[in-house]
Amino acid sequence: SLQTALNALPANSTSDIHVVNVQASTNTQAYDTATRSFDVGHLYVRFEGGWTNVDSSPVQDGYSAIRDLTGPVDATGLYVYDSGASHGRSKWVSVNRFVFSDVLNGISLRTPANVDASELQLYVRNTTVVALQTGVSIQYKGTTTFLIMSDSTILAGQGGASGNGVYAYGAWDGSYFTNCRVTSAAGYGVLVDETPRGNINYYSIGSAFTVRDSKIYNCYRDGYRRHEVNLDNPYASGPYLILDRSRITGNGTSGTGGGVCMELDTKDAPEALRGMTLLATNSVIASNAQYGVYFNGMLEAPRGAAFSATLVNSTLAENGGHGIVGLSPESSGSSVTLYNSIIAGNSGRGILAVDQSISGPSITEAYNDLFGNVPANLTQVGTGGTNSPAPAATDLAVDPQFSKVWDKSGLHPWRPLTGSPVLNAASAAYAPALDLLLNARPIGGGYAMGAYESPLPPPRGTVVLFR
């Protein structure tokens, strides 16, 4: 079993085989088995929830594995807290090949509010977290912070009361998820709460959060929510989300929430910020309760913030409200760009875009399937009124014929069936080389619209009828 394998690991002799590596300073510190902690002055590292070290004489800068002996559910799996005064020490935490289960919170890394110059980096790889509340949390007031997750599964909010899959707070400087699964039964899948101030991270506020080959699904609230507050930084950009070969589906199980939500509170900023941005390629945003994507740039008028959404070979379908709703009535320059995508079956407008320009935000689109969005597929609202632009000549307005079934690669109900009209109907000029399932494009006589290039084949086998 995994536990047996962990217990059999030898003590570390080199850093490249660490299961958990905490680097706080150049000094090593013996592990206190009574308190299950390291304390090196400025950085406090505590292993809770019944975790104890396998090695007989571990040190702060390396040990082989930690195992759960008692399994209580009232503490945190890995808790890293900076207990010192204001200073400039950096902290890097790497968790690899690990399982945290039946804990209150999985992994928590933070610094106190009086630390201004610390750099935090958290790397989570090949790890599973099952937490009653929050799965992974990083909170700080530093100048540079990264959260990198790969090949990991986060199951949060299992206690049913509260908790997010991943929670990040502070002055953000980017993040990267690849091949991850994140869900929360009691909160948000990913919640980023960013508060830039003055010249802290002056130009890099709003750095990209990239989600690749991943799934954020069945969360109690939004799948991905980013709330950014600007406190007098005129040069900062807004939140930026990149989705590539990823799925954000089934979120808002509480009835409140949707797939992606970005809010930008300009507050005391002397001018409008550079806006909120979504770039989605080969991705699915579908079956979320209230909306697929929601941009809120209307907080703290009159400054406001613009938004930009670009979807290429993506599927935005069957959300409980608008597919994309963008609100920026206090600024202009917002835009929506759609190529080779499917916008279908949303219980609201496919695209609803609002800003203070005369004709509303620009909508640029071609080679899309716009079908069954109620009451309209495309809507612009500006100071001159409401407009529903005509679709491009290359668009379709047909049922994409989603499969609605399991297939061998997992649950992909928005994969079209063989014979779907969206197959071979897209443009090679915009199509990426691979689809969501890493199939090469094109397959057959042309490129497919949406996130999937290959259709779900019809069932095979022998049908036996009984009377």
Side-chain angles (χ1 to χ4, degrees), residues 156-157 160 162-167 182-193 209 211 215-228 238-239 241 243 246-265 276-278 280 283-299 305 307-309 311 314-329 334 336 338 341-355 361 370-381 386 402 411 413-414 451:
S162 64
N164 306 303
V166 175
Y167 175 60
V182 179
T183 187
S184 173
Y188 301 97
V190 177
L191 174 60
V192 180
D193 195 354
F209 198 118
V211 179
K215 182 179 179 181
I216 303 174
Y217 65 103
N218 295 353
C219 297
Y220 189 73
R221 300 293 298 274
D222 295 311
Y224 175 94
R225 180 185 177 92
R226 186 157 178 175
H227 180 188
E228 194 165 300
L241 174 62
L243 297 177
S246 292
R247 290 172 285 164
I248 299 184
T249 61
N251 299 292
T253 60
S254 63
T256 302
V260 173
C261 176
M262 296 188 189
E263 293 185 324
L264 190 49
D265 188 343
M276 304 159 286
T277 302
L278 168 67
S283 293
V284 174
I285 303 174
S287 195
N288 299 290
Q290 287 190 298
Y291 43 77
V293 178
Y294 175 51
F295 296 101
N296 185 358
M298 61 188 296
L299 300 180
F307 62 87
S308 172
L311 275 65
S314 291
T315 300
L316 184 69
E318 299 179 348
N319 295 288
H322 305 302
I324 295 177
V325 54
L327 304 178
S328 183
S334 294
V336 177
L338 309 170
S341 293
I342 300 172
I343 317 295
N346 297 289
S347 299
R349 300 174 190 271
I351 308 296
L352 173 61
V354 181
D355 76 5
L370 306 174
F371 174 78
N373 304 289
V374 179
N377 292 315
L378 306 174
T379 302
Q380 300 162 292
V381 179
T386 299
F402 295 131
L411 182 59
W414 298 280

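Heavy-atom minimum distance, A451 versus V284: CB-CG2, 3.8 Å. Nearest heavy atom pair, residue G189 against residue C219, reads CA-SG, 3.3 Å. Closest approach of M276 to M262, counting heavy atoms only: SD-O, 3.6 Å. The two residues G320 and S347 have their closest heavy-atom pair at O-CB, 3.4 Å. Residues A289 and G252 share a closest heavy-atom pair of CB-O, 3.1 Å. The nearest pair of heavy atoms linking N319 to I285 is ND2-O, 3.3 Å.
The main-chain N or O of D222 is never found under 3.5 Å from a side-chain atom of N251 such that the two would form a donor-acceptor pair. At distances below 3.5 Å, at least one donor-acceptor pair connects side-chain atoms of S341 with backbone N or O atoms of S314. Without hydrogens or angle criteria, E318 side chain to S287 main chain gives no donor-acceptor distance under 3.5 Å.
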Self-check item: Test log, rule side-chain contact (heavy atoms from CB on, under 4.5 Å), inputs V336 and F307
Solution: CA-CA 8 Å; V336 177; F307 62 87; 4.2 Å; yes
Exercise. Please report the C-alpha distance between F295 and L278 in whole Å, then the side-chain angles of each, then the deciding distance to 0.1 Å, and finally whether the side-chain contact (heavy atoms from CB on, under 4.5 Å) criterion is met.
Key: CA-CA 9 Å; F295 296 101; L278 168 67; 3.8 Å; yes
Practice problem: Check the pair N373, N346 against side-chain hydrogen bond (donor to acceptor under 3.5 Å, both in side chains), reporting the backbone distance first and the verdict last. | Solution: CA-CA 5 Å; N373 304 289; N346 297 289; 2.9 Å; yes
Exercise. Could you give me the CA-CA distance, side-chain angles and deciding distance for Y291 and I324, then say whether side-chain contact (heavy atoms from CB on, under 4.5 Å) is met?
Key: CA-CA 7 Å; Y291 43 77; I324 295 177; over 6 Å; no
Quiz item: Stepwise, does the side-chain contact (heavy atoms from CB on, under 4.5 Å) test hold for L370 with I343?
Solution: CA-CA 5 Å; L370 306 174; I343 317 295; 3.7 Å; yes
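With rounding to the nearest 0.5 angstrom, the OG1 atom of T249 is 5.0 Å from the NZ atom of K215. Separating the OG1 atom in T315 from the CZ atom in F402 is a distance of 5.5 Å, to the nearest 0.5 Å. Here the CG-CD1 distance, from L316 to I351, works out to 6.0 Å after rounding to the nearest 0.5 Å. With rounding to the nearest 0.5 angstrom, the CG atom of L191 is 10.0 Å from the OG atom of S184. To the nearest 0.5 Å, atom OG of residue S283 and atom CD1 of residue I248 are 7.5 Å apart. Expressed to the nearest 0.5 Å, how far NE2 of H322 lies from CD of Q290 amounts to 10.5 Å.
Taking the side chain as every heavy atom from C-beta outward, N164 and V190 never approach each other to under 4.5 Å. Annotation: side chain of V325 is in contact with side chain of L327 (closest heavy-atom distance under 4.5 Å).
Taking the centre of each ring, Y224 and F209 come in below the 6.0 Å mark.
Applying the salt bridge (Lys or Arg N to Asp or Glu O under 4.0 Å) rule to R221 yields no partners; only residues at least two apart in sequence or on another chain are considered.
Y294 and N288 form no side-chain donor-acceptor contact under 3.5 Å, judged by distance and modelled atom types alone.
Other residues, nucleotides and ligands place no more than 12 heavy atoms under 6.0 Å from the OH atom of Y220.
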